[in-house]
Amino acid sequence: MLQRTFDRVCIWCSIPRHGKRADLLARYITDQFREGLSDEAALFGDAMWREQNSDAARYRPDA
């Protein structure tokens, strides 16, 4: 379930699966699960919100 959530967020947010941003995302999803968030849809929603509101999401190398 955690892998599926990670993969979906990476696809939706165009995050390469290897690198610092992916590592932080994986850690975030794992931490949320350890804190008791075990619903896959809720994990996905939280991770998507985090990514869409992160500094990395605002950075545009072509701008």
Side-chain angles (χ1 to χ4, degrees):
M1 175 184 70
L2 299 180
Q3 184 67 54
R4 270 193 314 268
T5 301
F6 173 80
D7 291 341
R8 285 177 61 203
V9 174
C10 285
I11 290 167
W12 280 66
C13 295
S14 300
I15 300 170
R17 290 200 171 48
H18 301 285
K20 185 176 181 176
R21 188 172 174 194
D23 290 345
L24 292 172
L25 173 61
R27 183 175 296 143
Y28 178 79
I29 292 170
T30 303
D31 288 346
Q32 292 299 304
F33 183 75
R34 285 183 182 150
E35 290 177 12
L37 187 58
S38 59
D39 179 71
E40 189 170 352
L43 279 170
F44 177 72
D46 278 5
M48 285 295 293
W49 183 90
R50 179 187 181 275
E51 284 304 314
Q52 291 171 343
N53 292 290
S54 72
D55 289 337
R58 289 186 205 107
Y59 174 72
R60 293 191 49 202
D62 60 337

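Only heavy atoms go into these numbers, but all of them, side chains included; no hydrogens, no water, no symmetry mates. For clarity, every value in this text was computed on a predicted model and none was experimentally measured.
- Residues L25 and C10 share a closest heavy-atom pair of CD2-SG, 3.9 Å.
- Residues R50 and V9 are not in side-chain contact: their nearest non-hydrogen atoms beyond the backbone lie 4.5 Å or more apart.
- With a 4.5 Å cut-off on side-chain heavy atoms, M48 and T5 do not count as touching.
- Going from atom CD of Q3 over to atom CG of D7 covers 4.5 Å, rounded to the nearest 0.5 Å.
- Sorted by first and then second residue, the side chain to side chain donor-acceptor pair (under 3.5 Å) pairs with a member in residues 26-47 read R4-E40; sequence neighbours excluded.
- Screening L43, I29, I11 for a side chain to side chain contact (heavy atoms under 4.5 Å, CB included) involving F6 leaves a single residue, I29.
- Considering every non-hydrogen atom in both P16 and A22, the closest pair reads O-CB, 3.3 Å.
- Linking ILVMFWY side-chain heavy atoms closer than 4.5 Å, directly or via other members, places L2 and I15 in a single hydrophobic cluster.
- M1 has its side chain within reach of F33: a pair of non-hydrogen atoms, C-beta onward, lies under 4.5 Å apart.
- Within 6.0 Å of CZ on F44 lie more than 12 heavy atoms contributed by other residues, nucleotides or ligands.
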